[in-house]
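Numbers here simply count residues along the sequence, with the first being 1.
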Amino acid sequence: MVIGRLRSDDIYNQVSAYPLPEHRSTALATQAAMLCVCLYFTPSILHTQQAKMREIVDKYFPDNWVISIYMGITVNLVEAWEPYKAAKTALNYTLDTANIREQAGRYAASVESLRPRVQQSLKEGFLREEIILDNIPKLLNCLRDCNVAIRWLMLHTAESAYDPNNKRLRQIKDQVINDSKYNPKILFQLLLDTAQFEFILKEMFKQMLAEKQLKWESYKKEGSERMMELAEVFSGVKPLTRVEKNENLQAWFREISKQIESLNYEDSTAAGRKTVQLIQALVEVQEFHQLESNLQVSQFLADTRKFLHQMIRTINIKEEVLITMQIVGDLSYAWQIIDRSAERVSVLLWGAGGLCQKGTADHPREYVHLAGQNHQTADP
């Protein structure tokens, strides 16, 4: 029953954080590790049940063969499944030379394209509130791509994952390193940049989330007041250059003001839909009544639309984004790999770890962010 659930379901609910098909094996990595452990309790599947093993490999291991079991403990399935006929046969397609070349080449291209994108995002003043609000999906996609590429390359080039006395493992490792154009310095720099990018984005998003309701109510108040002022203008009571009294427009703007005021923050879905309709109504009334001929009236309408747009952007600040960043930014698979890396890397992370023990960070990715700061300080 346990193996059946692990084979068929998304029991850790990770797929929603990785919507793209090419990220599916990363989304299911934790479940795949648990499944590998459980399979040892039913060795008959590993030995003889070819169809089940092919199904497992196609779903969980079509593009990877080095997995992290727990906190950086890695297992190379080529070696682990060597004694089991069905498992070994099922894994052969993944280990095909053409498939390895395709996967390694894909991540080499990813690293090459992601480095300038992340560095651009880290430039002073680039990550502003309006940029984040307008580009939440793009920023999350960039984080996903970075983390998926780093994970695959770190696991599949790790010294600890390959027995140097095993000829086949040496050949696979050499092919991965060559086809992925693996450069440990470049990969580690991408890790530092990604950690810093993620840290800044997360802190800014936390701040925006804390101020979300206050700002939304402020924009709502401003928009409602603008509409009420326009209603007074068309009533003939409030003087405005070359605006004639129009009772129909007066009543219409009063009604729009009431509708803006009635928007409910707690019902974000309905409020967002209604706000879009109000924006469209303001565009149509300006065109239908030729209100653009009066600059002051046009400015009132433009300001109100701006406030309504800000309300939509603000209502889209959701805690789910932070949860997704937390899932995507998981670095637990790399603890032992980083620990065995170059001495300089170990020193940097040790320094960051010392700070973290004093309470300056609450997530593994933040350790690397602090290491990145130390790295930048140390460089001339």
Side-chain angles (χ1 to χ4, degrees), residues 1-107 144 147-149 151-158 160-163 166-173 175-176 179 327-328 330 332-333 336:
M1 179 181 173
V2 173
I3 290 178
R5 287 291 304 276
L6 287 168
R7 282 171 51 204
S8 59
D9 299 342
D10 175 24
I11 62 173
Y12 293 110
N13 297 317
Q14 302 279 289
V15 171
S16 60
Y18 294 92
L20 296 179
E22 56 265 34
H23 296 164
R24 190 56 50 87
S25 61
T26 304
L28 297 171
T30 304
Q31 189 166 323
M34 183 62 70
L35 178 59
C36 283
V37 173
C38 290
L39 283 172
Y40 284 107
F41 292 93
T42 54
S44 62
I45 296 177
L46 291 166
H47 276 296
T48 61
Q49 298 189 32
Q50 180 68 47
K52 284 186 179 179
M53 285 309 306
R54 183 58 193 264
E55 177 194 339
I56 289 168
V57 169
D58 286 349
K59 182 174 182 179
Y60 295 101
F61 310 110
D63 55 5
N64 68 100
W65 55 92
V66 180
I67 63 173
S68 172
I69 297 294
Y70 176 74
M71 291 302 289
I73 300 172
T74 56
V75 172
N76 192 321
L77 296 180
V78 181
E79 187 174 20
W81 285 356
E82 177 66 29
Y84 306 100
K85 183 178 179 182
K88 178 182 176 181
T89 304
L91 199 61
N92 280 339
Y93 172 76
T94 301
L95 299 172
D96 181 72
T97 302
N99 188 53
I100 294 175
R101 184 180 300 113
E102 179 184 345
Q103 304 307 327
R106 177 158 65 93
Y107 289 110
R144 282 191 199 96
N147 280 284
V148 169
R151 179 189 179 93
W152 195 93
L153 288 168
M154 285 191 115
L155 287 174
H156 289 83
T157 58
S160 58
Y162 297 91
D163 180 359
N166 186 313
K167 182 179 178 182
R168 189 184 185 198
L169 291 181
R170 287 202 313 271
Q171 290 174 339
I172 292 172
K173 181 187 174 185
Q175 184 183 354
V176 169
D179 291 342
I327 293 171
V328 168
D330 176 40
S332 60
Y333 67 88
Q336 293 193 20

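- Counting heavy atoms from C-beta outward, L46 and M53 have side chains that approach closer than 4.5 Å.
- With values rounded to the nearest 0.5 angstrom, L35 atom CG is found 6.5 Å from F61 atom CZ.
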From CA spacing to verdict: side-chain contact (heavy atoms from CB on, under 4.5 Å), T48, K85
CA-CA 7 Å; T48 61; K85 183 178 179 182; over 6 Å; no
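- Taking both residues in full, the closest heavy atoms of Y18 and I327 are given as OH-O, 3.8 Å, listed atom of the first, atom of the second, then distance.
- Side-chain contact check for V2 versus F41: every heavy-atom pair is 4.5 Å or farther apart.
- For the ring pair (Phe, Tyr, Trp, His ring centres under 6.0 Å) test, residues two or more places apart in sequence or in another chain that qualify with Y107 are W152.
- For the residue pair K59 and D9, the shortest heavy atom distance occurs at NZ-N, 4.1 Å.
- Considering OG of S68 and CZ of R151, their distance stands at 6.0 Å, rounded to 0.5 Å.
- Proximity of R7 to E55: side-chain heavy atoms (C-beta onward) are separated by under 4.5 Å at one or more points.
- Side-chain contact annotation: Q103 with R106, donor-acceptor N/O pair under 3.5 Å present.
- In this structure, the side-chain contact (heavy atoms from CB on, under 4.5 Å) partners of E79, at least two apart in sequence or on a different chain, are D163, L169.
- Note: L28 CG to H23 NE2 = 13.0 Å, rounded to the nearest 0.5 Å.
- One N or O on the side chain of R144 and one on the backbone of A17 form a donor-acceptor pair closer than 3.5 Å.
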Residue pair Y60, I67: steps toward the side-chain contact (heavy atoms from CB on, under 4.5 Å) verdict
CA-CA 10 Å; Y60 295 101; I67 63 173; over 6 Å; no
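- Evaluation of the side-chain contact (heavy atoms from CB on, under 4.5 Å) rule for Q175 yields T97, I100, R101, D179 as partners, not counting sequence neighbours.
- Listed for the D330 side chain is no donor-acceptor partner under 3.5 Å among the backbone atoms of N147.
- Without hydrogens or angle criteria, H156 side chain to N64 main chain gives no donor-acceptor distance under 3.5 Å.
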side-chain contact (heavy atoms from CB on, under 4.5 Å) between V176 and W65, intermediate numbers included:
CA-CA 12 Å; V176 169; W65 55 92; 3.6 Å; yes
Please assess V57 against Y93 for the test side-chain contact (heavy atoms from CB on, under 4.5 Å), listing each intermediate value before the final yes or no.
CA-CA 9 Å; V57 169; Y93 172 76; over 6 Å; no
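- The line from CG of D63 to CZ of R24 is 11.5 Å long, rounded to the nearest 0.5 Å.
- Few gaps surround CZ on R170; more than 12 heavy atoms of other groups in view lie less than 6.0 Å from it.
- Between the side chain of Q31 and the main chain of I11, a donor-acceptor pair closer than 3.5 Å is present.
- Shortest non-hydrogen contact noted between N76 and A161 is ND2-O, 2.9 Å.
- Checking T94, V66, L95 one by one against V78, the side-chain contact (heavy atoms from CB on, under 4.5 Å) holds for a single residue, L95.
- Taking all atoms of both residues into account, the shortest heavy-atom contact from S160 to T74 is OG-OG1, 3.7 Å.
- Contact detail for P43 and Y40: the closest heavy-atom pair is CD-O, 3.7 Å.
- Separating the NE2 atom in H47 from the CG atom in L39 is a distance of 11.5 Å, to the nearest 0.5 Å.
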